[in-house]
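Chain identifiers are assigned alphabetically (A, B, ...) following the order of the sequence lines, protein sequences preceding nucleic acid strands; residue numbering begins at 1 within each chain. Nothing here was measured: the structure is a model prediction, and the numbers come from that model. Note that these values count all heavy atoms, side chains included, but never hydrogens, waters or copies made by symmetry.
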Amino acid sequence: MRRFVTFSLFVAIVLALWEAVGAAGAWPEILLPRPSRVLSYLGGAISDGSLLEATLVTGKRLFAGYALGFAFGLPLGLLTAHATLARDTIGLVALGLQTLPSVCWVPLALLWFGQTETAMLFVVIMGTIWSILLAAESGVRNLPPIYTRAARTMGSRRLHLVMHVVIPAAFPAVVAGLKQGWAFAWRSLMAAEIFVTILTGFGLGHLLHYGRELHAMDQVLGVIAVIVAMGLLTEQLVFAPLEHWLKRRWGLAN
Amino acid sequence: MTRVTDELAPIPPAKLSIRGVSKSFRSARREVAALEAVDLEVDVGEIVCLVGPSGCGKSTLLALVAGLETPDTGQILVDGSPVTKPGRDRMVMFQDAALFPWRDAIGNILFGLELKPGLPRWARLEVAQYYLQLVGLSSFAHAAIHELSGGMRQRIALARALAPNPTVLLMDEPFASLDAMTRERLYGDLQEIWQKRRKTVLFVTHNVREACCLGDRVIVMSPHPGKMRESFAVRLPRPRDINSAEIAGFAREITAALRLHE
Ligand SMILES: Nc1ncnc2c1ncn2[C@@H]1O[C@H](COP(=O)(O)OP(=O)(O)OP(=O)(O)O)[C@@H](O)[C@H]1O
Ligand SMILES: [Mg+2]
């Protein structure tokens, strides 16, 4: 809470200074508009609904791609952890592709899928899946064998063992992978939206792109602020509670 | 209601027979004979302690009886039927408790009960609570594992092993990582619990006094290859005090045997 107060104060002071110096005409307004201009853009965009719609479009793409990346990444990670063949094939592919900045999938997605929602989804999935796959794999591979042995003596086998021992035991690693996957997915989606216009929906990236085209710097800054806020909110509302819970239950140091 | 009373009803312990069991482990470079031609009969409700230097195959023997490994030769029988896989008639307590950190204390005890067919949720809870109380940790039902002390963890591990109502209890150095004070408390409590829940017990330890305090019989093993060397009957009334002179006497004798076979 104290941190929050300090930070808010800091932001307020910076914005006030910026406003004051900007109002004095220290630089051309067209390159760096004052916070009040950005605010009035945000106000307008909120009231005409364009900002909310863009946020929803982006959010929907992100969520769908992320969920699919998770749905494929987790089982694949379990598979590569258990089967040498899968590890030497899919596992190595994952290792290689994870180093690829996910923006690099954008040209490929365009050629394959054209300017469609599928292209967007593909980019987000590619950003997510490898991180989650590798995290799940390492989580399972570092699972202390004593857990499975203990569970087996109590009659746990196969699917029960996977659902009630392997996955929960790998959970801390999976959360780390989820967080990394989220960061990759979020960045790559923004890049894709800025590069590619899709008629089925304008996301935040598109608003940013058109802000540049129209030399509407207030729009560019406003959208950037929204993007930052979305990132922070996800961190605070999703990952922080998850990690907090992990810490309480597992007693992990971080 | 009948369900729970059935579930908690004491069941007669089993007779455990280990006949001509050998087990070796192969790695890329060499082969280790972990156990060679081991014969052991553990009588109904008897507590047998295994002592011996590191590497003499004590844990391997427990894993074989638990059904986690299969013997190369020989046979293991529980009440006459051969062991082929893990089963809830034989429960294991491991050295470092091996409790699941993603479940709370009672959740760990419930794990084995959830796998028992035909036991409704309320009955499982009742059974788990009974065992929590038996090990004296009723008020820690919802504690996270990392919040428990080493001694408390072993108590929960004991409750977890007892909850499915096994006929054989396998204990692999369960108290090795505890301090002396905690351990001595547990010796007393364990003997009391054994009286209430009679089991056939195989108990592995490095601590000769511990073996004499807890066992009806103490078996000395030697390594490379793992073999049983000598058996000592400890005929002392229970409950026993680990610091008593009689225990010290037995311990001295057994320590001498251990040195001899080293
Ligand atoms: N999974 C395994 N793979 C290879 N070798 C093994 C395996 N398990 C046990 N061994 C070997 O078998 C021998 C007996 O091991 P075991 O763990 O049963 O000994 P122990 O008597 O329990 O020793 P300690 O007192 O140190 O726990 C050792 O030499 C060990 O190296
Ligand atoms: Mg051992």
Side-chain angles (χ1 to χ4, degrees), chain A residues 70 74 77-78 81-82 84 88 132 135-179 239-254, chain B residues 59-60 62-69 83 85-105 107-117 119 124 142-148 153 156-157 159-166 168-174:
Chain A
F70 179 74
L74 185 71
L78 297 181
H82 277 296
T84 323
D88 295 345
I132 292 177
E137 179 188 323
S138 91
V140 173
R141 298 235 290 152
N142 293 325
L143 187 147
I146 191 97
Y147 289 153
T148 28
R149 285 168 79 86
R152 281 171 58 208
T153 63
M154 290 181 273
S156 174
R157 300 185 309 146
R158 296 190 202 132
L159 192 63
H160 186 275
L161 196 64
V162 172
M163 298 306 289
H164 292 268
V165 179
V166 175
I167 291 181
F171 194 66
V174 170
V175 168
L178 279 174
K179 208 173 158 183
F239 291 108
L242 208 58
E243 283 172 335
H244 181 74
W245 178 79
L246 268 186
K247 204 149 114 187
R248 273 223 347 252
R249 179 53 70 216
W250 262 257
L252 295 179
N254 54 35
Chain B
S59 299
T60 305
L62 290 200
L64 289 168
V65 176
L68 292 168
E69 311 264 4
V83 167
K85 56 177 198 283
R88 279 182 295 272
D89 54 334
R90 291 153 281 129
M91 293 298 295
V92 190
M93 218 181 131
F94 299 91
Q95 175 174 343
D96 53 359
L99 296 173
F100 303 137
W102 56 91
R103 283 176 173 236
D104 56 13
N108 269 275
I109 301 173
L110 283 165
F111 190 94
L113 295 169
E114 287 162 11
L115 283 152
K116 270 198 146 177
L119 207 57
R124 293 197 299 255
H142 298 293
I145 299 309
H146 72 96
E147 292 167 351
L148 302 171
R153 279 181 218 181
I156 297 294
R160 181 173 78 170
L162 289 173
N165 216 1
V168 176
L169 189 58
L170 306 164
M171 304 174 80
D172 196 353
E173 303 189 43

Nearest atoms (heavy-atom pairs only) where [X] meets [Y]:
X	Y	value
A:M154	B:L115	O-CD1, 3.4 Å
B:P101	A:Y147	CD-OH, 3.3 Å
B:A144	A:R248	CB-O, 3.8 Å

dist A:H164:NE2 -> B:W102:CH2 (nearest 0.5 Å) comes out at 11.0 Å

Hey, what do you get for CD (B:E69) to CZ (A:R149), rounding to the nearest 0.5 Å? 5.5 Å

Let me see the working for A:R249 and B:D104 under side-chain contact (heavy atoms from CB on, under 4.5 Å), right down to the final yes or no. CA-CA 8 Å; A:R249 179 53 70 216; B:D104 56 13; 3.7 Å; yes

Please look at B:L99 and chain A and tell me whether the side chain, the backbone, both or neither of the residue comes under 4.5 angstrom of a heavy atom of that chain. backbone

Which atoms of B:A157 approach chain A - backbone, side chain, both or neither, heavy atom under 4.5 Å: neither

